[in-house]
Each structure stands twice: as C-alpha cells, then as structure tokens.
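Reading through the structure tokens given below for one structure.
All of these numbers come straight from a predicted model, not from anything done at the bench. Quick note on labels: first sequence line is chain A, next is B, and so on, each numbered from 1.
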Amino acid sequence: MKIDFSFSREERLKNFTAIRSLFTSGRALNHYPFRIIWLPLEGVQSVFPVQVAISVPRKKFPRAVDRNRIKRLIREAYRLHKHELYQALAGETQCYAIMIMYVDKSLPVYAAVEPQISKALNRLGKKIVAASAPNDSDGKV
RNA sequence: GCUGUAAAAAACACUAUCGCGGCUCCGAAAGGAGAUGAGGAAAGUCCGGACAACACAGAGCACCACACCAUCUAACGGAUGGGCUGCAGUCUGGGAACGGCCUGCAGACAGCAAGUGUCACAGAAAACAGACUUCCGGCCACAAGCCGGUAAAGGUGAAAACGUGCGGUAAGAGCGCACGCGCUGGUAUGGCAACAUAUCUUCGGACAAACCUUGUGGGUUGAAAUGCCAUGUACAUUCUGAGUCCCGCUUGCGGGAGCCGGGCUGCUCGUUCGGUGAGCUUGAAUCGUCAGAAGGGGUAGGCAGAUAGAGCCAUUCAGUGAUGAAUGGCCUAGAUAGAUGAUAGUAUUUCCCUUUUGGGAAAAACAGAAUCCGGCUUAUUUUUUACAGCUAUU
RNA sequence: GCCAAUGUAGCUCAGGGGCAGAGCACUUCCAUGGUAAGGAAGGGGUCAUGGGUUCAAUUCCCAUCAUUGGCU
C-alpha cells in the first residue's frame, strides 16, 4: 500500500465548539517540546481518524514570522509521520481531535523537530488505544 | 581611508522529490496536467482618500484639525519651487552701534499694535513703571536728616523699558538731531503672491506648543461596514403606542416626576428592569430605538463587497521641479482556524584554509498580505553616485 | 482588524511651568530580658525614550517604545 503524504483540509480541525471543548475537557500528553491535547469527537463521520490543529503561543513568540515558521515546521513533520498514528488507530471507530502546542521558548530547527514529532505521535497512538479499549461504552470524559 | 547627509538599485536564482492556496484545462467521478503565489517596509495605525451604511432642507453656537506664498494632487498635516528668519564658516564695509556677498544646516513661520493672564528666586523696581547706592537742586553754617528732580552709572536677574555719537541740562532723559536695529500704516517701483527696494509716518519687554482672536476645513461610524441566498425564536415587512418635563453639578453624567412595555401579584398600590434620541438649540421630518400584534418555524453556512487598479513598465513631449499628457506593451497573491513549506543538488556571492587544482562554512538584516490606494514615521543588510567634514601619503 | 488609557522611589500612587513628594518597604539608633508594635534619624529617582517651545519642562507640543483595557 502506498503511503499518502498529503495534508488536506478535512484533516484540519476547524470547528470552534470542538476546539473549545478540547481545551475544557481534553486529555493531555507532554512530550517536550510539545504538549498534545486530544479528545474523541462525537457524531463526526470522516475518512480520516483524526483532525489536527497546531498552536504556538503569542506570549513566547511575539513576532508573526516566528509563529508561522514554527507552525510550518510542525505541520511538515506531522505530514511525513502521520501514517504511524493512522496505523495505530486503524481499529478505532471514532474520530479524534488533536491539538499540538509548542511550549519551548527558542526557535527550533527542522532536524530536531522531525524525530520528536515521530516519537510523540507513537506515544499518542498507544495512549489513545489504551484509553478506549477497556471501556468503549463510557469513554466520554 | 573614515564619518555624516541626500538620492538610486537589490533583498536571491535554477533543478528534482514530497506537500499547501486559489486559477485555467482534461475527466462521469476519483484524480491528473499547466502556469502562478508576501514586503520595502506587508509594521506602527500617525494623516488623507476611495467605498459602504446611517436622523444629513437650512441656520446659529460648541468641539476638533490646520496656519509664510505659489504650484502639484482624488485628497492630505504629504511633495516641489520660492520668500523670510535663525545658527555656523570664509571674505568684507563702518569711528561705533551695526551691516553686506557666498556656502552649508535648521525652522509648528497667522495675530501679544484686539482683550485677559503669567513672568518663580534674586533685585529698589518685572510692566498705567520704579529711587537702594550714586548724581543734582532746596531747607540747613556744614554734616546727618527731610523734601523734590533724574533713569545717565552701580549691582540683581533669563529679561531692566531701543543702540552708538553729538547737542542739551542744575543733574539727566528719544528731550532734540544724525546714523543704526526692530516694527505699524500709507505711497511708488518690481513680483501671480509671500516679499524686496525707496520714501513718509506711528511705536519700542517676553510668552499664543497660556486662555484666546482671525482665516480655512470637518456630519458620524468603519469591510467584524454593507447587500444577497440558504437557514429560520436571532430576520425583514405591515399596523398600533411611547417618544414629555424638572433639578443638580463634576458638563456628560447623576437624581426625580410622568408616559410606554415586561417581571413580582387574583386586582390596585408598591417595587424592579428596559426605553424615553445624532455635542447643544431652533426648524423640518416621523426614517432610528423600545414595547405589542400579524407573518414565517431549528442552524450559525455560502456568495458578493474582494483584487484590472487615482495599476505597473518603456519611450517621447510640456514644466526649474513635484507632476501632467500621448503612444506602445503587460496582468502581477487573494487566504478565511487563515496558503506561499521541507529535503537533496547545481550555479552565484561572501568568508576561512591551501602554491594552484581543490576543500569547508553561510544564504543572512528588519521582518509575513487580510477591503484597497496615496503619504508620513519607525526597524534594517549590501552596493553605487553626489555633496560636506576629518586624517594620512605622493 | 478598529478604538481608548497609562508610564514618577523596591511596591501602591500624588504632584500639571519655578529646589520632586506621601504611605508601605529598606538601613541605623532609642526603647525591651528578647521580638513585634511604637519613637527618632537616614538612604534610595535617567520623572519610559528622543527631539522641540520657553529664561526655565516631570508638567506644554510632536514622534517613538512598552504596558493595560474595550469593541467583536
């Protein structure tokens, strides 16, 4: 099977209410220099198992150039490694919302970002499977 | 060679793989192909417009902005040219006060001769003047003291009531004269004008980035404006009612009464909430707002605004110039949880090592469109040109 | 995106042209067996930054920087 490296609009998290509930009742995973929060989405039918959003805090990077740079690097790394997460979630029926936040204070380089994203996505996949496997009925938070 | 000012140019190119945005083409669809995709400041939001909506007939007051003149411009607080003033430098005129030519830099540059106000400390006195020490006269034998005159000298201060010289006088004083500085009004000449020159005349502290006066301009709100489709408690249409008055000061708020509607209540009283108007007044209007009635009955999406424009490039002409006109060519981001990225290589540039070949490193500084334009301001890398200053060598 | 306000001592704030202040905090001394409270004395300032107006600027004007708030 050929691996799809594309990153289309359906894979991005855009719904305002979903983002709000993600911040109020989402589960967190810290993998320095990232913080990932995730939540199962109810009633969303999609061909993709996750919808992702990327965030960089304005207080740590006041210039828009730096924020755009970091978001593009994270998005590029996610695009090349998302198939690892998709394989881990192949057995899931629900769609998940994920937000990746950058918490370091210094500007990163791509060579350092890529392996960290890969490790973080592998950890996230195992954690989601472990959380939903025992009690599929009351998995809501 | 260095520093400063001004002007101009550039801000990285190509190939491959993977990927993103909108566009065009092919395709029933999935998808595929093609060309294309951040800036000089995209920034600050400091000005000016376009565009849109809304109580814009008109008048007065208030408020805000601007302020030498002319021109440019859609418009401007912007730009260009000119005038005037100040500062610095070279040269120079005069006995002095003070001036002239040239060069460079700077200037929020209408009016204190409309009115009001302020000028600390020091000083005798700080703005219809004024007598501390001097100076002069009188009273007095003289001195001291008292009375009067005087603004020349002293000292204080940021500033002492035009400056120099001569006359004049008891001593003095723009008191008078000549020259000089500033300044009001008139006349003549030159200039579109600001203004300049000559002459007559009035006057002689500063401050309007003090209140203010004069002149000119300004309705308010901003694309999260606004319109359409779908949806439909949120929207628009129709009808009805309210839309009034008083007080206070901190002057744009507060309080009270009345009226309309809702909540509490079976009803009244009462209580509470909302409304009772663009800065104000007058006038016109009854369009905004609030409440009720009628109509429609479950998702917050899509399209337009919104990217061909006061557009860009080249040439010629007009103008000192900003700029304008003509001709020819070009199409050059349009997202909406927000695209423009990653990896590898080549070329180029810079730096380092090396005799060369070659090897290694870096791709930079400021910084990311959000309705669109014209400016201003701020941040910042490199190169070139012109001018000014300094230093060294020939 | 649009619109306002504020920057003064370590902290919270006055002062709005003429020598920069208050409260708390800090230092030293007194007092107490000792500490706190109390009393006395003292130190500490680029008045956010840069220009301008004025004889004189924290104050008036302009620009910049930073912070905070509001509209949605």
Side-chain angles (χ1 to χ4, degrees), chain A residues 1-133 135-141:
Chain A
M1 174 183 169
K2 186 188 173 186
I3 299 173
D4 184 17
F5 288 116
S6 69
F7 187 54
S8 63
R9 278 190 171 173
E10 285 73 22
E11 299 177 65
R12 303 182 188 185
L13 184 62
K14 294 184 178 183
N15 197 308
F16 176 78
T17 54
I19 292 172
R20 191 168 55 192
S21 60
L22 190 61
F23 274 106
T24 54
S25 58
R27 291 195 179 185
L29 166 72
N30 281 317
H31 185 94
Y32 189 79
F34 306 108
R35 175 182 170 87
I36 303 175
I37 54 178
W38 54 279
L39 187 73
L41 280 174
E42 300 185 20
V44 176
Q45 300 297 325
S46 175
V47 295
F48 299 101
V50 294
Q51 289 187 342
V52 69
I54 299 164
S55 174
V56 179
R58 190 179 186 180
K59 285 200 169 183
K60 292 177 180 171
F61 297 95
R63 287 200 297 266
V65 176
D66 298 335
R67 293 200 300 275
N68 282 344
R69 173 78 184 167
I70 293 167
K71 283 197 280 188
R72 282 164 184 164
L73 290 179
I74 294 174
R75 191 169 61 219
E76 180 70 13
Y78 176 81
R79 180 177 72 81
L80 295 174
H81 293 278
K82 66 174 184 176
H83 63 276
E84 301 166 9
L85 181 62
Y86 284 12
Q87 286 171 359
L89 299 178
E92 297 293 320
T93 55
Q94 277 183 319
C95 184
Y96 286 88
I98 295 175
M99 176 166 284
I100 303 172
M101 289 184 284
Y102 187 78
V103 293
D104 200 11
K105 289 180 182 175
S106 59
L107 201 63
V109 293
Y110 181 74
V113 168
E114 188 175 357
Q116 291 297 322
I117 282 284
S118 176
K119 287 181 190 173
L121 290 180
N122 281 323
R123 281 184 60 191
L124 180 67
K126 291 174 188 170
K127 200 164 186 179
I128 291 175
V129 171
S132 62
N135 43 2
D136 204 23
S137 57
D138 58 345
K140 303 149 194 167
V141 180

Interatomic distance at [atom1], [N] relative to [M], whole Å:
N: B/G81; M: B/A225; atom1: C1'; result: 42 Å
N: B/U237; M: B/G21; atom1: C1'; result: 42 Å
N: B/G99; M: B/G86; atom1: P; result: 8 Å
N: B/G297; M: B/G266; atom1: C1'; result: 34 Å
N: B/G93; M: B/C87; atom1: C1'; result: 22 Å
N: B/U36; M: B/A13; atom1: P; result: 13 Å
N: B/C249; M: B/U271; atom1: C1'; result: 29 Å
N: C/U67; M: C/G52; atom1: C1'; result: 26 Å

Can you run through RNA chain C from 5' to 3' and write each base as (, ), [, ], | or . depending on how it pairs? Watson-Crick or G-U wobble, both distances under 3.5 Å. (((((((..((((....[..)))).(((((.......))))).....(((((..]....)))))))))))).

Any donor and acceptor pair, going by atom type alone, linking the side chain of A/K82 with main-chain N or O of A/L121 inside 3.5 Å?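 No, the answer is negative, given that no donor and acceptor are paired below the 3.5 Å cut-off.
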
Out of B/G368, B/A342, B/G19, which has the shortest distance to the side chain of A/R79?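 Within the option list, the nearest is B/G19.
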
Residue A/N68, side-chain atoms from C-beta onward, closest of B/U343, B/A367, B/A38: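 The closest nucleotide is B/A38.
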
Syn if the chi torsion is within 90° of 0, anti otherwise; quick check, which is [N]?
N: B/U231; value: anti
N: B/G40; value: syn
N: B/A38; value: syn
N: B/G117; value: anti

Just how far is it from atom CE of A/M101 to atom CG of A/N30, taken to the nearest 0.5 Å?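 Reported value, rounded in 0.5 Å steps: 8.5 Å.
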
Please compare A/V65 and A/Y110 by the position of their nearest nucleotide in RNA chain B and report the one closer to 5'. A/Y110

Specify the closest pair of heavy atoms between A/V129 and A/L89, including all atoms of both residues, with the distance to one decimal.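 Between these two residues, the closest heavy atoms are CG2-CD2, 4.2 Å.
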
Base, sugar-phosphate, or nothing: which does A/L73 touch, judged by heavy atoms less than 4.0 Å apart? sugar-phosphate

